[in-house]
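Take a look at the structure set out below.
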2 protein chains.
Amino acid sequence: MKQEKRNREGDPGSRLTAGGYRSTEPRRLLIELLSSTEECLTAEDLYLGAHHRNPRIGLTTVYRTLALLYDLGEVSRVEAGDGKARYELSEHSGAEHHHHLICAQCRRIRRYAEFSSEELELMRRTESALEKRFGYRITGHSIYFHGICPACAAKGDGGGRNA
Amino acid sequence: MKQEKRNREGDPGSRLTAGGYRSTEPRRLLIELLSSTEECLTAEDLYLGAHHRNPRIGLTTVYRTLALLYDLGEVSRVEAGDGKARYELSEHSGAEHHHHLICAQCRRIRRYAEFSSEELELMRRTESALEKRFGYRITGHSIYFHGICPACAAKGDGGGRNA
DNA sequence: GTGTCTGCAAAGTCTTTGCACCATA
DNA sequence: TATGGTGCAAAGACTTTGCAGACAC
């Protein structure tokens, strides 16, 4: 799979064409779906959303498009612990730096970008401390908060096989 | 699957028997393997480790034992982005609160428990802020640092399909 | 001795690949 | 029109389940 031309100008769609890839309906649709939500979507979510608008679109294309966007750095993967990968536009792709809230009940992952500069500062310091301590070259971090989302809390019950 | 008697006394092994489950060789071995490393292990890692010591032990038992320990809260799952679940003794199980370092190259996950009280304090404050803001009932958090481990850095090259 | 646990084999779920046709540039 | 992209079907990887024999208590 190609990985040239990974630039940072424009939107994911125009970077696709600028990279020599074609702008096709499935690709436009998936990018649009990913752009228009605070949630991380599974391949199936995306397939259903795209297929609803154009029934000719298949699941294979969804996986292949996600793999392409992933290789281009436009999309990142998140896992909720149920064995299904979830996808979101990456920070490289223009999304703000964000963290995640995972519902242990419905496994939905929501992101939020509103956090303190104190937090950013601390993470930066922690990263360099870890580099010194363990010899890792650290490129980033992700924070997941686990809990029960308002919708599931309203339904009552907080069970399930959680992390 | 049963889920009674989830107590916090003793070690994972004795909690198993206290919970009415039998102490069998595969179970003892898996707990021992998980206890004796700073790494998160895949089902296959555990299978190989256990099978090496007793070739009669099969992969099915590894999965079933992990499911049991998971339901008992003794073990938690971590995902490195390669589609394989990784397991470690949970904090409930006596492991210290810890965070993770994921190598984007070899996908190995290492944990570390040495962090500042400042960090703990900040996370606690962040959690309650999120509860107010988004209405989640937050039960915990996990932090992953992404990067390249010393071993992979030494081998040169930092590519791969990363998050 | 009884009920749980185990191993093997088969099945299930999510994801990837092969191939011929279609569409974008 | 020449490649790259797509859909379908089949294959692959990881995990779970069914069943008969084995073991812990």
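We name chains A, B, ... by the order of the sequence lines, and we start the count at 1 in each one.
- No more than 12 heavy-atom neighbours from other residues, nucleotides or ligands sit within 6.0 angstrom of CZ on A/R56.
- The residues B/E74 and B/R15 are annotated as salt-bridged, a charged nitrogen and a carboxylate oxygen being separated by less than 4.0 angstrom.
- Following rounding to the nearest Å, B/L29 (CG) and C/dC5 (P) show an atom-to-atom distance of 17 Å.
- The ring of B/Y136 has its center no closer than 6.0 angstrom to the ring center of A/F145.
- Atom-to-atom, CZ of B/R77 to P of D/dC14 comes out at 14 Å; the value is rounded to the nearest Å.
- Distance CD1 (A/I57) to C1' (D/dG5): 12 Å, rounded to an integer number of Å.
- Taking the six-membered ring wherever Trp is involved, the centroid distance between the rings of B/H141 and B/H97 falls below 6.0 Å.
- If A/G58 and B/Y87 are placed on DNA chain D by their nearest nucleotide, the residue sitting closer to the 5' end is A/G58.
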Tell me, with the steps shown, if A/E32 and A/R53 meet salt bridge (charged side-chain N to carboxylate O under 4.0 Å, His left out).
CA-CA 12 Å; A/E32 193 185 324; A/R53 296 226 231 152; 2.8 Å; yes

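- For the residue pair B/R28/B/S23, the side-chain donor-acceptor check at 3.5 Å is satisfied.
- OP1 or OP2 of C/dT15 sits under 4.0 Å from a side-chain N or O of A/Y63.
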Does the protein touch nucleotides 19-25 of chain C at the base, only the backbone, or not at all? Give it as B, S and - per nucleotide, heavy atoms under 4.0 Å.
----BBS

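- Between A/L66 atom CG and D/dG5 atom P the separation is 15 Å, expressed in whole Å.
- Comparing B/P55 and B/R27 by the nucleotide of DNA chain C that holds the closest heavy atom to each, the one mapping nearer the 5' end is B/R27.
- Atom CG in A/N54 sits about 17 Å away from atom P in D/dG5, given to the nearest Å.
- Straight-line distance from the CG atom of B/L59 to the P atom of C/dA10: 16 Å, rounded to whole Å.
- The shortest distance between side-chain heavy atoms of A/L101 and A/I109 does not fall below 4.5 Å.
- Following rounding to the nearest Å, B/L68 (CG) and C/dC5 (P) show an atom-to-atom distance of 7 Å.
- Taking atom OH of A/Y47 as the reference point, atom P of D/dT6 lies 15 Å away to the nearest angstrom.
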